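Predicted, not measured: the structure shown is a model, and the values here were computed from it.
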Amino acid sequence: MKGPLTNEWVMNEAMGASAPEPVRYQTMRAETVLASEQSVLRLIARNTPLPELLAEVCRRAESLLGEGAACTIMVVDDDGVHLRIGAAPSLPESYSSAIDGTVVGPQAGSCGTAVYTRRMIVVDDIEADPLWDDFRDLAMAIGMRACWSIPFDADGHEVIGAFAVYHRDVRRPTIEEEALLRDISHSVGLAVHQDRIARLLAQSEERHRVVLEHLHEGIVVQSRDGIVLACNSSARRLLHVEGDMVGRQIGTVMTRSYHDNGELVADHERPTHRALRTGEPLLGLTLGVELVDGDVIWITENVVPILMPGETEASSVLVSFNDIGPMREAHQQLRFLATRDSLTGLYNRVFLADRMDAMLSERDPRGAQANVAVLFVDLDGFKKVNDTAGHEAGDALLRSVARRLLQCVRETDTLARVGGDEFVIAVNGFGDAGSLAALARHVLDAIAVPFAVAGNEYYLGVSIGISMSPNDGTEASELIRNADAAMYHAKQSGRNNFQFFTVELNEQLQRRFMIEQGLRKALSAGELSLVYQPVVDSRHSQIVGAEALLRWHSEELGHMSPSEFIPVAEDTGIIVAIGDWVLEQACMRAARWRRTIAPNLVIAVNLSPRQFNDGLVERVAQCLQRSGLDPRALELEITERLLMGDSETLLPMLNALAAMGVRISVDDFGTGYSSLSYLKRFPLHNLKVDRSFVAGLPDHHDSVAITQAVVAMAHSLGMHVTAEGVETAAQAEFLRSIGCDTLQGYFFSVPVGALAYEETLARVADF
């Protein structure tokens, strides 16, 4: 049987699981569970008849599980084939009689199946579950709708029964309820197992010795003067004793004991002395016991005085105990992890919030709130360390960063790691903004020094956002959020600098929040639409395609510029759902136009880097199939920056799309990381010359040279070239003269709605 439960944790071990899993009970629940288990211990110690004991377990379990729960305990018969009712105090006698004798098997309700499979069976809907085919009418007749059953065993080996909970509602157990079932099943298993042993050895003089030897707990019986009268092998093992202990003074085995807080237990306070003095059992005690070899073991123990017939006071005590050293260490580690970041040892986000709440609750002599500031620190360039040197090097670097940051803060400040490469400094009682700026510069200087990791030097920077109470917030979450916004502004301002949170920044934040909220409902509200900008063949001046462009008219915000809402959609991930919608709409429209007006039309659709995930190729294929669009009529536009990212992930996707016949185009070519290496490595079909180069044509020498080079290079690689942003006849003529394949821009048409584009497409366009 497991040791008594603590108020913080109960360790449960699922049958067949490879390792125990910790489950947190609420404090009130833990105390109630503890009291229930102690009650079962007392009943076992008093040799309470098994039916009475099991009925009491059921009633206590029902009390713990709350209204609507009814518990049963079924015990495997001696024949090993049938289950017999051990207890079912809250179920009708007729029902108990009907299920008594259930045959163990793979389709035998919850209990019979649980015993057969040796695992917990959760039936959340009796009416629908095939396991209850033979018993459904019985259960439904008494209003039972769910049944959870967990088997219990004999000392970890033979399954000897099942503990079940019925409910009047269709439902599954919570994590806490499942933990409770497992704990109760352990107690029930012990009780049934001990009853079996007692019955088998009832006439044997070896009865007590066998019972003791079968228990995992250490059992010691000692006299009033400390002489060991009996013990089991578990006691000898736990107390590091070789040979027999019987007849020895207990003081030759253990020398001292300690309270849970580490204080020494006085002799007169020792549990055995107290139990003998009062005649009352002491249950669930936690003690540290120092052994004669110098080791200290931590145990939970129960001390029960033994009163023989005719005696007025106990002449001996029975002590049962478990080694909880590993569990205690785990609890201490869990308490540490509850407030600390496991990688750096700094405080974590949970502790930071609590600490800031305490800071903000402090008042000066005049009753004013204490000055609290937040520095939100985000590393610049950390991702390249993980990408080039691996995560082990990245972890080592983060630990080095943590050590340097610790050297920058005061003892009264709080430093926490709140994300992958994000740290927060909560400053308690700052002087003025100047002192915070000085701290920020100190951090910048500390991180600027190269880091030596895994034989290499790494140079990092930091972007820092600063917020101050009370102007920027009076609550921890508000100050952290605003400092985070200021940090983001620092990154946009060139990185490796610090920015204070301002009113203007707050207005930007509010605007961004409104955009984000509006975007989340824009699709369902029908506020999104597509416009189409013609793509013109430069040689024949005829429309050969269109680029589908997203537009949003918000009911609350009005007409929104793509340059404002698309970055928000990218940052929040909303762009994935919107991008799928754009692709679907554009393909459907293009397929219709190809069938009715322009059989060779090509539609171009922009893809966000966020859309490149495991399901992209399948989504494109499904979209083409639903719309009936020829894959060769679809051109997907991507950015140079995407190509310079994770090529190991990206290349298989682009190859798969190209194999389908879909064209791949690089948008805004020349503004990013233009490189011949990726032009050769990836299956690219088209380059789009950025409008910034087209704007300088034909008079600006650099623009002319760059555009000519791009066209020549693309053609040498077998690729087409599209020039976007064409606004004048001179630009169009120059681009034709150098062999640019297709043109796009206001000179030909502004982006127009589907009907307007269709009307233009129906005419032969001649520019």
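Taking every heavy atom of both residues into account, E217 and S234 meet most closely at O-CB, 3.3 Å. The minimum heavy-atom distance linking V453 with Y458 is given by the pair O-CE1, 3.6 Å. Here the closest non-hydrogen pair linking L276 and S315 is CD2-C, 4.4 Å. When all heavy atoms of H167 and W148 are compared, the closest pair comes out as CD2-CH2, 3.4 Å. Residues F152 and G189 come closest through the heavy atom pair CD1-CA, 3.5 Å. Counting all heavy atoms, side chain and backbone alike, V123 lies closest to S110 at CG2-OG, 3.5 Å.
Although no hydrogens or angles enter the test, the distance criterion places a donor-acceptor pair under 3.5 Å between the side chain of E311 and the main chain of M308. R84 places no side-chain N or O within donor-acceptor distance of the main-chain N or O of D77, the cut-off being under 3.5 Å. Not one N or O on the side chain of D267 forms a donor-acceptor pair closer than 3.5 Å with the backbone of R270. At least one donor-acceptor pair closer than 3.5 Å links the side chain of D244 to the backbone N or O of V246. Here the side chain of T344 pairs no donor or acceptor atom with the backbone of A402 at under 3.5 angstrom. Formation of a donor-acceptor pair under 3.5 Å by the R403 side chain with backbone atoms of L406 is not found in this model. At distances below 3.5 Å, not a single donor-acceptor pair connects side-chain atoms of R248 with backbone N or O atoms of I250. In this structure a side-chain-to-backbone donor-acceptor pair under 3.5 Å is present from T252 to Q249. Checking side-chain atoms of D395 against main-chain N and O of G390 turns up no donor-acceptor pair under 3.5 Å.
Interatomic distance, CG of N302 versus CD1 of I299, reported as 10.0 Å (0.5 Å rounding). Note: M74 CE to L83 CG = 5.0 Å, rounded to the nearest 0.5 Å. Interatomic distance, L239 CG to I297 CD1, rounded to the nearest 0.5 Å: 5.0 Å. The structure places CG of L397 at 9.5 Å from CG of D421, a figure rounded to the nearest 0.5 Å.
Cation-pi check for R340 over Y347 is met; the charged atom lies under 6.0 angstrom from the ring centroid and within 45 degrees of its normal.
Contact check on D124 versus R171 returns no salt bridge, with no Lys/Arg side-chain nitrogen under 4.0 Å from an Asp/Glu carboxylate oxygen. The existence of a salt bridge linking E62 and R59 is excluded, since no basic side-chain nitrogen approaches an acidic carboxylate oxygen closer than 4.0 Å. A salt bridge between E158 and R196 is present, with a side-chain N of the basic residue lying under 4.0 Å from a carboxylate O of the acidic one.
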Show, in sequence, the C-alpha distance, side-chain angles and deciding distance for L379 and V401, and conclude whether the side chain to side chain contact (heavy atoms under 4.5 Å, CB included) test is met. CA-CA 9 Å; L379 298 181; V401 169; 4.0 Å; yes

List the steps and the verdict of side chain to side chain contact (heavy atoms under 4.5 Å, CB included) for V377 and V424. CA-CA 6 Å; V377 180; V424 165; over 6 Å; no

Do V443 and F423 pass the side chain to side chain contact (heavy atoms under 4.5 Å, CB included) test, and can you show the C-alpha distance, the side-chain angles, and the key distance before you say yes or no? CA-CA 11 Å; V443 171; F423 301 84; over 6 Å; no

Before you tell me yes or no, could you show the steps for C58 and I73 under side chain to side chain contact (heavy atoms under 4.5 Å, CB included), namely the whole-Å CA-CA distance, both residues' side-chain angles and the distance that decides it to 0.1 Å? CA-CA 8 Å; C58 286; I73 296 172; 3.7 Å; yes

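Within the 4.5 Å cutoff, no side-chain heavy atoms of R236 are placed close to those of E242. Inter-residue side-chain proximity for P271 and E301 is flagged as met; some heavy-atom pair is nearer than 4.5 Å. L291 has its side chain out of reach of V296: every pair of non-hydrogen atoms, C-beta onward, lies at least 4.5 Å apart. Under the 4.5 Å side-chain criterion, counting only non-hydrogen atoms from C-beta, I219 is not in contact with C231. In this structure the side chain of T286 never reaches within 4.5 angstrom of the side chain of H259, judged on heavy atoms. Counting heavy atoms from C-beta outward, L181 and L65 have side chains that approach closer than 4.5 Å.
For CZ of F451, the number of neighbouring non-hydrogen atoms (other residues, nucleotides, ligands) closer than 6.0 Å is greater than 12. By the 6.0 Å contact criterion, CD on E457 is enclosed, its count of non-hydrogen atoms from other residues, nucleotides or ligands being greater than 12. Other residues, nucleotides and ligands contribute at most 12 non-hydrogen atoms within 6.0 Å of the CD atom of E392.
Scanning for side-chain hydrogen bond (donor to acceptor under 3.5 Å, both in side chains) contacts around T414 gives an empty result, with sequence neighbours left out.
Within the structure, every pair that satisfies the salt bridge (charged side-chain N to carboxylate O under 4.0 Å, His left out) test and touches residues 404-415, not counting sequence neighbours, is listed here: R410-D413. Applying the salt bridge (charged side-chain N to carboxylate O under 4.0 Å, His left out) definition to pairs two or more places apart or across chains, those involving residues 273-291 are R256-E290.
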